[in-house]
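To start, the structure under review is shown below, and the notes come after it.
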Protein chains: 2
Amino acid sequence: MFVIDLMSRIPVYEQIIKQVEEQVLIGVMKSGDKMPSVRSLSIKLSINPNTIQKAYTELDRRGLIVTVPGKGSFVSDNATELVGEKSRGKIENLTEIITELAYAGVTKEEVIETVETVYKNVEV
Amino acid sequence: MFVIDLMSRIPVYEQIIKQVEEQVLIGVMKSGDKMPSVRSLSIKLSINPNTIQKAYTELDRRGLIVTVPGKGSFVSDNATELVGEKSRGKIENLTEIITELAYAGVTKEEVIETVETVYKNVEV
DNA sequence: ACAACTGTACTAACACAACTAGTACGGTTA
DNA sequence: TAACCGTACTAGTTGTGTTAGTACAGTTGT
């Protein structure tokens, strides 16, 4: 479910947050789905419970999950919208990276070819 | 010349490296140009000389600058090619971000529009 | 009621990397 | 010779991610 890279510079709790966002985005996790419990996930990933909790607290703060004390955490109703909005905001990153590629000598045609390929493979 | 964000999670020395790469890429810095001295830059940016040195050592190791003891550091002859190659390698990042945008509901047309705009403004 | 879950709260300590501080050495230039 | 240049090294600080351990309260199913 989650793959953690302990050697990464990105903190474990952020890796978890990011992977939840991704899975919601691509539809693997859906509204109402139950998240693994803090303890079970901490055991599965061999990560301290506090670190998992930190990720869950932040996910709750962002509104991606809803936490019911004693019951567990669940993917919120508007989780999909939230990650969708966030991703759409990344169109600026797109501008940035294309600019860099342009300076590096990558032609417009190559970039567009890449765009075509991606959209062919996604087919939402 | 350089803008450092002390609050950033990216280490200062990496920020310097990245900015040198960028300036070489867009042609602001050219082969043979003299780099500011370790000491002068450390004063200008109010950064410890060791941190600047760390950036310069790494830039030298990567072949982006050539260091002549007693004289100073200079942008290397093949610096432009080096950063060009590196940036061209980022076409994978492009795939990644476009995939995310696709899932987020951004249409292919919007993405291509962005590509067109960038290439119009760059005009190398 | 009770055991076994759930999330939450808190303090203390560890580990690592970035960064700073200070000093010293050798080459180059005017 | 003075004033630059890069380099080297040790020591110490700082911040933050992470761990460790414990404790408390709500929910579930038997």
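Just the heavy atoms: all of them, side chains too, but no hydrogens, waters or symmetry mates, feed the values below. So you know, we letter chains A, B, ... as the sequences are listed, proteins then strands, and number each from 1.
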Legend entry - Partner of A:Ser73 by side chain to side chain donor-acceptor pair (under 3.5 Å), out of A:Thr67, A:Thr57, A:Asp33: A:Thr67
Legend entry - Under 3.5 Å side-chain donor-acceptor pair for A:Thr117 and A:Thr114: no
Inset, instruction - Give, ordered by number, those residues of residues 64-71 of chain B having at least one heavy-atom distance below 4.0 Å to an atom of DNA chain C; if nothing qualifies, reply none. - result: B:Pro69, B:Gly70, B:Lys71
Quick one: which protein N/O atoms are closer than 3.5 Å to N/O atoms of nucleotides 14-16 of chain C? Pair and distance per line, please.
none

Inset, instruction - Check whether any side-chain heavy atom of A:Met1 lies under 4.5 Å from a side-chain heavy atom of A:Met35, and answer yes or no. - result: no
Inset, instruction - Rounded to the nearest angstrom, tell me the gap between atom CZ in A:Phe74 and atom P in C:dT6. - result: 11 Å
Inset, instruction - Check A:Gly63 against A:Asn78 and note the closest heavy-atom contact, atom names and distance. - result: O-OD1, 3.9 Å
Legend entry - Atom pair CD1 (B:Ile16) and CD1 (B:Ile4), whose distance is rounded to the nearest 0.5 Å: 4.5 Å
Inset, instruction - Measure the CG-OG distance between A:Asn50 and A:Ser42 for me, rounded to the nearest 0.5 Å. - result: 9.0 Å
Legend entry - Contact residues, residues 3-16 of chain A to DNA chain C [heavy atom, < 4.0 Å]: none
Inset, instruction - May I ask you to list the residues of residues 38-57 of chain A, by number, that have any heavy atom positioned under 4.0 Å from an atom of DNA chain C? - result: A:Val38, A:Arg39, A:Asn50, A:Gln53
Legend entry - Chi angles and distances behind the side-chain contact (heavy atoms from CB on, under 4.5 Å) call for B:Lys30, B:Val75: CA-CA 6 Å; B:Lys30 295 190 188 70; B:Val75 178; over 6 Å; no
Legend entry - B:Glu110 side chain to B:Thr107 side chain, donor-acceptor N/O pair below 3.5 angstrom: yes
Legend entry - Ion pair check, B:Glu14 and A:Arg9, cut-off under 4.0 Å: yes
Legend entry - Results of salt bridge (charged side-chain N to carboxylate O under 4.0 Å, His left out) for A:Glu21 - residues two or more places apart only: A:Arg62, A:Lys86
Legend entry - Nucleotide range of DNA chain D lying under 4.0 Å from chain B heavy atoms: D:dC5 to D:dC9
Legend entry - Residue that, paired with A:Glu58, satisfies side chain to side chain contact (heavy atoms under 4.5 Å, CB included) out of A:Ile17, A:Leu64, A:Ile65: A:Ile17
Legend entry - Minimum-distance pair of heavy atoms, taken over all atoms of A:Ser8 and A:Gln15: CB-NE2, 3.6 Å
Legend entry - Residue pair B:Leu101 / A:Ser87: nearest heavy atoms and the distance that separates them: CD2-O, 3.2 Å
Legend entry - Close side-chain approach of A:Tyr56 and A:Asp60, heavy atoms under 4.5 Å: no
